[in-house]
Protein chains: 2
Amino acid sequence: MTTLASVAAVLRCFSEERTELTVTDVAALLPAPKSTVSRLLRAMRDTGFIESVGETKRYRPGVMLFEAGHIYRHASTLVERADEVVKAVSAQVGHSGYVSVRDGLDVVGLTYHAGSHVLRVATPIGRRLAAFASATGRTLLARLSDEEVRRLYPTLPTPPSPNAPQTVEELLVRLSQVRREGFAESNDEANRGVAAIAVAVGDPETREAVSLCVTFPAATITPGERNAILQGLLAGAKRISAILGDGRNHNTKTN
Amino acid sequence: MTTLASVAAVLRCFSEERTELTVTDVAALLPAPKSTVSRLLRAMRDTGFIESVGETKRYRPGVMLFEAGHIYRHASTLVERADEVVKAVSAQVGHSGYVSVRDGLDVVGLTYHAGSHVLRVATPIGRRLAAFASATGRTLLARLSDEEVRRLYPTLPTPPSPNAPQTVEELLVRLSQVRREGFAESNDEANRGVAAIAVAVGDPETREAVSLCVTFPAATITPGERNAILQGLLAGAKRISAILGDGRNHNTKTN
DNA sequence: ACACGAGTTGCAAATTATGGAACTTTTGGA
DNA sequence: TCCAAAAGTTCCATAATTTGCAACTCGTGT
């Protein structure tokens with residue numbers, strides 16, 4: 001394992017549930033010998049990747065990562081436009097919305113707008129979900145060919161819920177449906193009692209694709225509300241697509 | 001230069017003005033031989049520190065940095081509390097506010113609330129300013145002893161404006177004033193026509209310190225508005241200090 | 001077609017990282 | 001307060017990775 005791979009592995013150990021790490025934590029998580037980890041964390045601290053928490057031997061991400069991450073987030077025209085759409089739809093229907101990107105087998109939330117209704121999901125910003133087991137992820141996977149999807153998923157990871165695809169074949173069927181309908185839905189899949197509608201759009205120049213998503217309570221959503229969400233997202237994605245020249249907008253049906 | 005130092009140096013080349021980098025860019029900026037840079041960027045891309053922009057040879061920060069940066073930002077109780085204070089004062093007086101931390105000789109903006117008045121400064125999030133030449137920076141430097149400040153500044157960097165301290169001795173005088181008064185002001189210093197008031201507060205457990213700041217147009221601010229800003233920040237900092245046990249709140253005067 | 005600039009690759013030498021073991025420091029319980 | 005255990009650090013020979021020069025490839029513009 002190269003130094004870079006080690007550093008990346010350490011950074012991936014941080015999460016919202018584990019915002020600080022010790023030598024022993026990292027030694028167990030990587031796994032790697034304590035001596036190696038001790039020196040690695042020291043070097044990471046000295047170069048700004050992590051910082052000590054006060055005078056303790058605990059480490060947390062360094063401000064340099066915040067700065068670079070900020071640039072990541074704010075340099076993308078596509079994300080900006082997608083966020084505007086999601087914000088407007090979210091405000092219109094009163095449910096939470098967010099924008100995600102795919103990173104390998106996962107989707108990562110980049111932006112979030114809390115809804116005004118009582119149902120609040122935890123902020124998805126910086127949070128990872130399995131792409132195959134979420135509406136946002138499936139809209140992004142649907143932009144790949146079946147061959148590309150098969151290569152990405154030689155075998156399917158353990159599905160996190162019974163409503164998620166259970167086999168690669170089922171996933172492909174679901175993706176085919178996303179392509180036909182232009183959007184994906186999830187129901188009681190990533191969060192109990194929560195459903196979501198998602199639409200993807202891309203920027204052919206940067207080869208970026210993002211998923212626009214609104215979540216809502218599965219049990220109490222009205223058909224009118226659901227339709228407003230869907231139309232809002234589809235129309236927004238179409239506008240973005242027209243501006244950026246995606247030409248792969250899946251808005252083929254009005255449902 | 002170790003691999004880690006090289007990677008950190010590359011990440012610091014990104015900015016809001018330079019969101020993408022090429023091999024040639026980095027070779028000039030570091031500086032380093034093209035061959036070294038080519039392989040370094042390749043390794044960084046392979047491990048998630050950077051991503052290719054579409055099919056081009058340009059690179060930008062990777063989503064992994066966004067994730068780690070998000071954790072940095074949201075793991076801090078102090079930043080959260082400071083942000084609430086700044087948000088409330090900003091909403092009350094209608095001017096922009098933000099929270100900053102010090103990183104070496106710089107301050108970095110972490111949060112931002114745009115004011116409702118016409119004067120909008122560019123978002124300070126992720127942006128660096130010279131600590132000695134900004135109100136936020138001086139509130140944070142004032143928490144150091146004079147000896148620590150002298151060690152940090154053997155010589156003073158070139159002042160970016162005539163209103164900034166011009167010598168280390170002048171800086172120390174200004175910091176002494178901040179300690180006495182409990183806040184710092186800047187006027188036409190970081191941004192033309194813009195003034196700022198800042199108050200610092202810390203968390204003794206994590207040894208964090210943040211600066212709470214509100215900016216406003218230097219020419220049109222009224223004494224009442226200025227006082228509302230100052231009192232709002234000082235009172236908020238005092239509340240935080242009482243909760244976190246800072247005991248170094250500089251709220252020694254009501255002015 | 002050609003020149004030039006951007007970027008990549010080969011290879012020997014230089015430099016850095018590793019892991020086991022010994023050591024030091026910190027922590028928690030009696 | 002003391003002591004054992006756990007956490008963390010450092011030494012050192014070996015292994016692994018990185019480096020920079022030079023040659024090469026690719027893309028672009030005239």
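- Within 6.0 Å of CD in Glu16(A) there are more than 12 heavy atoms belonging to other residues, nucleotides or ligands.
- The minimum heavy-atom distance between Ser52(A) and Tyr59(A), with the atom names listed, is OG-CE2, 3.7 Å.
- Following rounding to the nearest Å, Arg58(A) (CZ) and dA6(D) (C1') show an atom-to-atom distance of 16 Å.
- Residue side chain Lys57(B) does not reach the base of dG7(C) through any donor-acceptor N/O pair under 3.5 Å, judged by distance alone.
- For Ser35(B) and Ser35(A), each mapped to the nucleotide of DNA chain D holding its nearest heavy atom, the one lying further toward the 5' end belongs to Ser35(A).
- Heavy atoms of other residues, nucleotides or ligands lying less than 6.0 angstrom from CD of Glu20(A) number more than 12.
- The distance between atom CG of Leu40(B) and atom C1' of dT18(D), rounded to the nearest whole Å, is 10 Å.
- Dashed line: the shortest gap from a side-chain N or O of Thr36(B) to OP1 or OP2 of dG20(D) is under 4.0 Å.
- Look at CD on Glu55(A): it is 15 Å from C1' on dT26(C), rounded to the nearest Å.
- dA6(D) atom P lies 16 Å from atom CG of Asp25(A), rounded to whole Å.
- Between Glu20(A) atom CD and dG8(D) atom P the separation is 12 Å, expressed in whole Å.
- For Thr24(A), a side-chain nitrogen or oxygen approaches OP1 or OP2 of dG8(D) to under 4.0 Å.
- Ser176(A) places no side-chain N or O within donor-acceptor distance of the main-chain N or O of Leu172(A), the cut-off being under 3.5 Å.
- For the pair Leu4(A) CG and dA17(C) P, the interatomic distance rounds to 10 Å; values are reported in whole Å.
- Taking atom NZ of residue Lys34(A) and atom P of nucleotide dA5(D), one finds them 14 Å apart after rounding to whole Å.
- Between Arg39(A) and dC11(D), a side-chain N or O to OP1/OP2 separation shorter than 4.0 Å is absent.
- Following rounding to the nearest Å, Arg45(B) (CZ) and dG7(C) (C1') show an atom-to-atom distance of 12 Å.
- OP1 or OP2 of dG8(D) has at least one side-chain nitrogen or oxygen of Thr22(A) nearer than 4.0 Å.
- The phosphate of dT8(C) has OP1 or OP2 within less than 4.0 Å of a side-chain N or O from Ser38(B).
- An OP1 or OP2 oxygen of dT9(C) is reached within less than 4.0 angstrom by a side-chain nitrogen or oxygen of Arg42(B).
- Here the closest non-hydrogen pair linking Phe49(B) and Leu11(B) is O-CD2, 4.3 Å.
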